[in-house]
Amino acid sequence: MKLDEKVWRSFQISKVFRENQNRINALDYSASGELLITSSDDDSIVIYDCEEGKSTRTLLSRKYGVSLIRYTHAPNTVLHASTKLDDTIRYLSLHDNKYLRYFKGHQQRVVSLSMSPIDDTFISGSLDKSIRLWDLRSPNCAGLMHVRGRPVASFDPHGLIFGAGIDAELIKLYDVRSFDRGPFSTFKMPCERGTELSGLSFSPDTKNILVSTTNGVLRVVDAFNGQIIQTFTGIITDRSEKQGLHLGCCFSPDSSFVLAGSQDGHLHVWSVRTGNKIAVLEGNHPNPVTCVAFNPKYMMITSACNNAAFWIPNLEELQ
């Protein structure tokens with residue numbers, strides 16, 4: 001099924017899960033798309049079966065808290081940041097709920113975590129104004145970079161470069177193999193006072209970068225020359241509460257659309273080519289949509305606030 005405007009407008013919620021007592025702060029699919037995992041501010045990790053449309057297991061991390069959960073290349077191991085005790089990144093076996101390794105080094109809260117798509121490397125960014133490169137096989141930091149402000153960082157789909165957003169005004173691109181030499185490209189972004197970057201991700205075709213900010217502005221940036229291709233707004237409804245709000249957003253698998261959660265619980269969809277908003281999907285989330293992701297293998301979206309919702313196209317509408 002090809003994603004077009006008609007398909008986007010047919011998406012509807014097939015299942016809502018109320019497993020959490022607090023905000024879901026991250027979600028991630030396994031590489032096969034068969035599993036989904038979430039981390040929440042209530043210290044819980046919930047695993048879902050995407051094919052069956054059900055939650056299968058809940059794990060608790062009362063001692064350390066849990067955020068920014070990410071699958072590794074194995075469907076039974078994950079990485080997550082800590083919200084309690086210290087700022088260690090933890091490598092967890094889901095099979096027996098035991099930690100395999102701890103990655104210590106950050107001195108303040110970890111706010112960005114990205115797993116390489118090709119190997120055991122991962123990258124983290126922290127409020128201690130540092131970005132660290134790691135390998136799952138070693139507890140020692142493989143690379144350290146000090147930056148000027150709050151960083152967000154993400155690998156490109158080929159795992160050869162990573163992008164780092166610093167404060168809300170700079171995007172720097174690094175070669176993973178020689179990042180200690182500094183960035184090979186630096187792009188300057190428009191910036192409002194008091195605004196921070198909340199997310200940075202590459203499009204699946206690697207041509208563009210999606211940058212989100214805490215004031216509800218999304219920008220699609222050309223990954224090669226830094227030109228701003230599109231700017232999307234309208235996902236913040238109460239301007240008095242706009243600062244510090246982290247709303248989920250992502251590219252579609254074909255890189256042609258941007259999908260974002262909103263403060264009022266809906267999902268907004270724009271065309272990257274035209275910049276037009278093509279759909280507003282009424283999710284009826286009771287709180288701002290902090291996470292949204294398109295399944296890598298199936299025609300399915302997950303969005304989350306305190307609740308998690310599975311979306312699929314309405315096939316009857318498409319006939």
Side-chain angles (χ1 to χ4, degrees), residues 1-3 7-8 11-17 19-20 24-40 44-59 66-81 89-101 113-123 134-137 154-160 162 199 201-206 210 248-257 259 267 291-304 308-313 315:
M1 185 184 295
K2 186 180 187 300
L3 273 174
V7 171
W8 275 112
F11 268 94
Q12 61 184 23
I13 291 177
S14 63
K15 201 77 175 283
V16 176
F17 301 92
E19 311 290 319
N20 297 99
I24 293 172
N25 55 49
L27 59 83
D28 194 29
Y29 294 102
S30 62
S32 68
E34 295 174 1
L35 300 174
L36 174 84
I37 196 162
T38 64
S39 56
S40 170
S44 70
I45 297 168
V46 183
I47 303 169
Y48 298 87
D49 184 316
C50 295
E51 291 186 316
E52 298 290 332
K54 64 182 181 182
S55 62
T56 59
R57 194 175 175 203
T58 299
L59 307 174
V66 58
S67 70
L68 300 175
I69 199 150
R70 303 285 185 263
Y71 272 109
T72 66
H73 295 289
N76 59 351
T77 57
V78 293
L79 282 171
H80 72 78
I89 299 166
R90 304 178 193 277
Y91 182 22
L92 175 66
S93 167
L94 300 173
H95 172 68
D96 50 10
N97 196 23
K98 291 183 178 178
Y99 288 106
L100 304 174
R101 190 159 287 124
L113 194 60
S114 177
M115 188 77 208
S116 167
I118 61 170
D119 57 26
D120 287 336
T121 306
F122 67 95
I123 194 169
W134 311 83
D135 190 301
L136 286 175
R137 296 164 294 186
S154 178
F155 285 98
D156 84 316
H158 298 317
L160 301 177
F162 67 85
S201 60
F202 287 83
S203 59
D205 65 7
T206 73
L210 177 61
C249 61
C250 66
F251 281 106
S252 60
D254 63 1
S255 304
S256 297
F257 302 92
L259 172 67
L267 301 186
C291 302
V292 61
F294 212 109
N295 190 298
K297 300 295 183 183
Y298 301 107
M299 190 67 83
M300 169 193 166
I301 296 165
T302 302
S303 60
F310 286 3
W311 301 72
I312 58 174
L315 297 180

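Atom set for the values below is all heavy atoms of this structure, side chains included, hydrogens, waters and symmetry mates excluded. Values in this document were obtained by computation on a predicted structure and should not be read as measured data.
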Discussion item. Could you walk me through whether H73 and M115 satisfy the side-chain contact (heavy atoms from CB on, under 4.5 Å) test, starting with their C-alpha distance in whole Å, then the side-chain angles of each, then the deciding distance to 0.1 Å, before giving a yes or no?
Written reply: CA-CA 9 Å; H73 295 289; M115 188 77 208; 4.1 Å; yes
Worksheet item: Do any N or O atoms from the side chain of S255 and from the backbone of D205 form a donor-acceptor pair under 3.5 angstrom?
Response: yes
Worksheet entry | side-chain contact (heavy atoms from CB on, under 4.5 Å) between Y71 and L94, intermediate numbers included | CA-CA 10 Å; Y71 272 109; L94 300 173; 4.2 Å; yes
Item to complete: Assess the side chains of T58 and S44: does a donor N or O sit below 3.5 Å from an acceptor N or O?
Response: no
Worksheet item: Can you check whether I118's main-chain N or O pairs, donor with acceptor, with H158's side chain at less than 3.5 Å?
Response: no
Worksheet item: Could you give the distance from CE (M300) to NZ (K15), rounded to the nearest 0.5 Å?
Response: 10.5 Å
Item to complete: Could you tell me the separation between the CG atom of L92 and the NZ atom of K98, rounded to the nearest 0.5 Å?
Response: 11.5 Å
Worksheet item: How long is the gap from CG on L259 to CD1 on I301, to the nearest 0.5 Å?
Response: 5.0 Å
Worksheet item: What are the two closest non-hydrogen atoms of E52 and D49, and how far apart are they?
Response: N-OD1, 2.8 Å
Practice prompt. Could you pull out all residues at least two apart from S30 that satisfy side chain to side chain donor-acceptor pair (under 3.5 Å)?
Written response: S32
Fill in: Side chain T72, main chain T77, donor-acceptor under 3.5 Å
yes
Worksheet item: Where the side chain of R70 meets the backbone of F122, is there a donor-acceptor pair that is under 3.5 Å apart?
Response: no
Worksheet item: Just by modelled atom types, is the A293 backbone N or O under 3.5 Å from a matching donor or acceptor in the D28 side chain?
Response: no
Fill in: R101 side-chain N/O to L136 backbone N/O, donor-acceptor pair under 3.5 Å
yes
Worksheet item: How long is the span from the CG atom in L100 to the CZ atom in R90, to the nearest 0.5 Å?
Response: 13.0 Å
Worksheet entry | Separation between CH2 of W311 and CD of Q12, rounded to the nearest 0.5 Å | 9.0 Å
Fill in: Spatial distance of atom CD1 (I37) from atom NE2 (H80) [nearest 0.5 Å]
9.0 Å
Worksheet entry | Flag, side chain of N295 to backbone of G33, donor-acceptor distance under 3.5 Å | yes
Worksheet item: With sequence neighbours excluded, what pairs up with F17 under the ring pair (Phe, Tyr, Trp, His ring centres under 6.0 Å) test?
Response: Y48, F310
Worksheet item: Which atoms form the tightest heavy-atom contact between L210 and C249, and what is the distance?
Response: CD2-SG, 3.7 Å
Fill in: Distance-only polar pair, side chains of Y29 and T302, donor-acceptor under 3.5 Å
yes
Fill in: Nearest heavy atoms of P204 and S252, plus distance in Å
CG-O, 3.6 Å
Practice prompt. Please report the closest heavy-atom contact between P157 and P117, naming both atoms and the distance.
Written response: O-CG, 3.3 Å
Practice prompt. Could you tell me which non-hydrogen atom of C291 sits nearest to which non-hydrogen atom of I24, and how far apart they are?
Written response: SG-O, 3.5 Å
Practice prompt. Please report the closest heavy-atom contact between L68 and N25, naming both atoms and the distance.
Written response: N-OD1, 3.5 Å
Discussion item. Could you walk me through whether M299 and F294 satisfy the side-chain contact (heavy atoms from CB on, under 4.5 Å) test, starting with their C-alpha distance in whole Å, then the side-chain angles of each, then the deciding distance to 0.1 Å, before giving a yes or no?
Written reply: CA-CA 8 Å; M299 190 67 83; F294 212 109; 3.7 Å; yes
Discussion item. Quick check against the 3.5 Å criterion: does S154 have a side-chain atom that pairs as donor or acceptor with the backbone of S114?
Written reply: no
Item to complete: Please report the C-alpha distance between M1 and L315 in whole Å, then the side-chain angles of each, then the deciding distance to 0.1 Å, and finally whether the side-chain contact (heavy atoms from CB on, under 4.5 Å) criterion is met.
Response: CA-CA 10 Å; M1 185 184 295; L315 297 180; 3.5 Å; yes
